[in-house]
Amino acid sequence: KKIFEKNDSNSIENIEEFMLENNFGVEFAENFIEKIREERVTDKNIEETLKESIKNILDNTDPKIHFANSIPAVFLFVGTNGTGKTTSIAKLAHLYKNQGKKVMLVAGDTFRAAASKQLEIWATKLNIPIVMQKEGSDPGAVVFDGLNSAVSKNIDILLIDSAGRVETKKNLLKELQKIERVIEKKIGRKPDETLLVLDAYTGQNGLAQIEIFSSMVNISGIILTKIDGSSSGGIIIPIVQKYGIPVKFICTGENIEDIEQFNTEAFIKMLSG
Amino acid sequence: NLKINLQIIFKKLRSKGKLSNEDIKNSLREIRVTLLEADVNYKIAKEIVDKVAEEAKKQNIVESLTPAEQIITILYNEIKNILGDASPINIEPNKRNLVMLAGLQGSGKTTTAAKLAKFLKEQGKRPLLIPFDFKRPAAMEQLIALAKNNNLEVFEEMTGNPILVLKKALAYMENNQFNVGLIDSAGRKEIDTETMEELRTVANTFTINETLLVLDSTIGQGALKIAEGFEQYIPLTGGIFTKYDSSAKGGSILSFRYVTGKPVKFIGVGEKIDDLEIFHPERVVSKIVG
Ligand SMILES: Nc1nc2c(ncn2[C@@H]2O[C@H](COP(=O)(O)OP(=O)(O)OP(=O)(O)O)[C@@H](O)[C@H]2O)c(=O)[nH]1
Ligand SMILES: Nc1nc2c(ncn2[C@@H]2O[C@H](COP(=O)(O)OP(=O)(O)OP(=O)(O)O)[C@@H](O)[C@H]2O)c(=O)[nH]1
Ligand SMILES: [Mg+2]
Ligand SMILES: [Mg+2]
């Protein structure tokens, strides 16, 4: 919904509807309305004030990817079921390969039917190595295998897939902690990036996902997927404001090139239609 | 917790003996916040609050001795009115029934197809899983693996154009006495006219008994537009909400019901083959209201 779609005779009501419709949440909306009342913002300046607030929230985080001084750089991908982890890995692999990096994949989802096969098909398309074991194997073991292989093959970037999991399953979050420990033990530091892959259609549950995942493992960034759909991904606004975790990439479709580095101006432009 | 918050608002009533309009306004505001935080679409939340206000007035809530309980009961009933009741999968005897699953990317269609096949098999039906995603890497492998792991039958031929594949699947059903074909379609966006037209073509070419929209319970305000969008292209007969085992409160279920009027048939409560429950309105209301 575009900000200026309705008549401007009730700008506060319009801006509130805009915020709610874009999943900013009622807490954020109420705080913003209180702010524009306190600061006596005039009707014609309300939209600009909101854009400014959003810009401040997003610019307060660093969207860059951080590489350590040693190789392989290790990225772990985590998140709720079906958000786009596996596809995002393929897209990043393609991006980094085109930058001349040696990339390797690890099929860390040993649970879901044909999960490894799905990532293997991407590896084949990209002509890059993949480490996988049969379904039902211990994910920690596959990750360990992958790390060893990456070290011995002088891989620059190792991308590790994990099974989707809902934040209510404590045992699955503990499994994620174990994977993080396996990595830390092998390379002497936590993964360079642990990226939570978040679906742009997500509502208030997005806050619970971040809250609980980041309480169990170190989340260094968010990949926002499916922004090409009918949802603006506005849930990232209350998320970034509350948790300070940066959105690092945005995904715009199902094809291998459909990923870009997160950019505040571009996101605000998309949001305000 | 809504009940506790309402009791706090109405606590002052004790000293006055009667509720003020301010108390009522505050309680309605509390209800609105609860609904919005549960991902109920803001337009539907407004309508629910207005109806609760109207009914509370009718019931003379200002004189109530238990206003918190009373207003919650009114709210529960308003939500239940929207949710409707469960409804079985419509399977006609002595024919080759087709059930098609459609929805956004990653909503849980493939997993739900397998769950439904097991459910129907346990009801004495003879289901055949039909992979219908020609795009996603290993989509067919995923459905075949789910079938093999759970003793379910799956149609493994996917050569030729989609319409031809379905014709072959129907012939296969006829020759092997399957009475329910479960079509697991590819994920698609309701705003993508090309893929939505493909779905419409299937719906117009074949007699489909059930066209079920599979929605992720974690969806936010967008559920309204999504349900509307799918309804414009295919005649939906019901909905299935997956990932209900997350902490999502499922307000999007109200959007689906509001926009389509079609029954919510099942709720997905996990990744395993048995994690499928028949829709229970009471359970859904309590999750929304907390
Ligand atoms: N439109 C669109 N679809 C996407 C995007 N990213 C992923 N998808 C689709 O979403 C579906 C799920 O993607 P996956 O990569 O399998 O998701 P996942 O998180 O690995 O899923 P699980 O491993 O089952 O938890 C697939 O159909 C993808 O093609 C995106 O940015 N836009
Ligand atoms: N926790 C939980 N996970 C679920 C549920 N239903 C499906 N999933 C998971 O959600 C992810 C996506 O499921 P799929 O069946 O691949 O979804 P899909 O709609 O077929 O995806 P596309 O074909 O890419 O559009 C998988 O990891 C499933 O195991 C559910 O009710 N609860
Ligand atoms: Mg995956
Ligand atoms: Mg599928």
Side-chain angles (χ1 to χ4, degrees), chain A residues 1 16-17 19-27 29-30 80-87 90 111-122 124-125 135 163-169 172 199-209 211-212 225-226 228-232 234-235 253-254, chain B residues 32-43 45 104-111 114 135-150 186-187 189-192 215-226 229 242-252 270-271:
Chain A
K1 174 177 157 166
E16 184 189 40
E17 283 191 4
M19 290 186 286
L20 292 178
E21 200 161 32
N22 284 285
N23 294 303
F24 285 22
V26 61
E27 185 177 351
E30 287 184 348
T80 290
N81 307 72
T83 55
K85 298 176 291 301
T86 304
T87 309
F111 170 76
R112 205 209 70 205
S116 300
K117 184 74 193 161
Q118 181 186 3
L119 193 62
E120 184 184 37
I121 290 174
W122 282 117
T124 305
K125 286 196 213 231
E135 208 171 281
R165 65 203 72 216
V166 287
E167 71 287 350
T168 44
K169 302 218 162 109
L172 294 183
D199 190 316
Y201 295 102
T202 310
Q204 300 310 301
N205 182 252
L207 289 156
Q209 289 178 29
E211 168 95 25
I212 296 176
T225 62
K226 308 182 195 171
D228 50 306
S230 54
S231 196
S232 64
I235 190 63
E254 302 192 72
Chain B
R32 179 175 179 265
V33 169
T34 299
L35 295 174
L36 292 173
E37 289 184 337
D39 293 321
V40 175
N41 188 278
Y42 74 94
K43 293 179 190 161
L104 297 172
Q105 288 87 350
S107 63
K109 298 174 292 300
T110 304
T111 311
K135 184 154 155 253
R136 170 175 155 153
M140 183 161 104
E141 285 89 328
Q142 183 186 2
L143 194 57
I144 291 175
L146 283 168
K148 307 280 183 194
N149 292 341
N150 294 290
K189 302 175 288 190
E190 83 287 4
I191 56 173
D192 184 318
L215 286 161
D216 187 327
S217 302
T218 65
I219 282 188
Q221 300 283 310
L224 206 64
K225 280 205 220 119
I226 292 161
T242 63
K243 308 176 205 174
Y244 204 65
D245 47 316
S246 69
S247 55
K249 307 226 173 67
S252 53
E271 299 192 64

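Chain A is the first sequence line, chain B the second, and so forth, proteins listed ahead of strands; every chain is numbered from 1. Everything numeric in this text was worked out from a predicted model, so none of it was measured.
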Heavy atoms only, distances under 4.5 angstrom: which of [options] has the most pairs with chain A? Name it, please.
{"options": "B/Asn149, B/Leu104, B/Asp216", "answer": "B/Leu104"}
{"options": "B/Gly270, B/Ser247, B/Gly106", "answer": "B/Ser247"}
{"options": "B/Gln105, B/Lys249, B/Lys43", "answer": "B/Gln105"}
{"options": "B/Ala45, B/Ala114, B/Pro137", "answer": "B/Pro137"}

Can you tell which part of [X] gets under 4.5 Å to a heavy atom of chain A, answering side chain, backbone, both or neither?
{"X": "B/Lys135", "result": "side chain"}
{"X": "B/Asp192", "result": "neither"}
{"X": "B/Ile191", "result": "side chain"}
{"X": "B/Ile226", "result": "side chain"}

In Å, rounded to the nearest 0.5 Å, how long is the span from [atom1] of [X] to [atom2] of [Y]?
{"X": "A/Leu207", "Y": "A/Asn23", "atom1": "CG", "atom2": "CG", "answer": "10.0 Å"}
{"X": "A/Tyr201", "Y": "B/Ser252", "atom1": "OH", "atom2": "OG", "answer": "13.5 Å"}
{"X": "A/Glu254", "Y": "A/Lys226", "atom1": "CD", "atom2": "NZ", "answer": "8.5 Å"}

Which bit of [X] comes within less than 4.5 Å of chain B, counting heavy atoms only: side chain, backbone, both or neither?
{"X": "A/Lys117", "result": "both"}
{"X": "A/Thr202", "result": "both"}
{"X": "A/Glu167", "result": "side chain"}

State, to 0.1 Å, how close [X] and [Y] come at their nearest heavy-atom pair, and which atoms those are.
{"X": "A/Val166", "Y": "A/Thr80", "answer": "CG1-CG2, 4.3 Å"}
{"X": "B/Asn41", "Y": "B/Gln221", "answer": "ND2-O, 3.1 Å"}
{"X": "A/Thr168", "Y": "B/Asp245", "answer": "OG1-O, 2.6 Å"}
{"X": "B/Tyr244", "Y": "B/Gly250", "answer": "CE1-CA, 4.4 Å"}

When only pairs under 4.5 Å are counted, which of A/Gly234, A/Ser230, A/Gly229 shares the most heavy-atom pairs with chain B? A/Ser230
Is the shortest distance from a Lys or Arg side-chain nitrogen in A/Glu16 or B/Arg32 to a carboxylate oxygen in the other one below 4.0 Å? yes
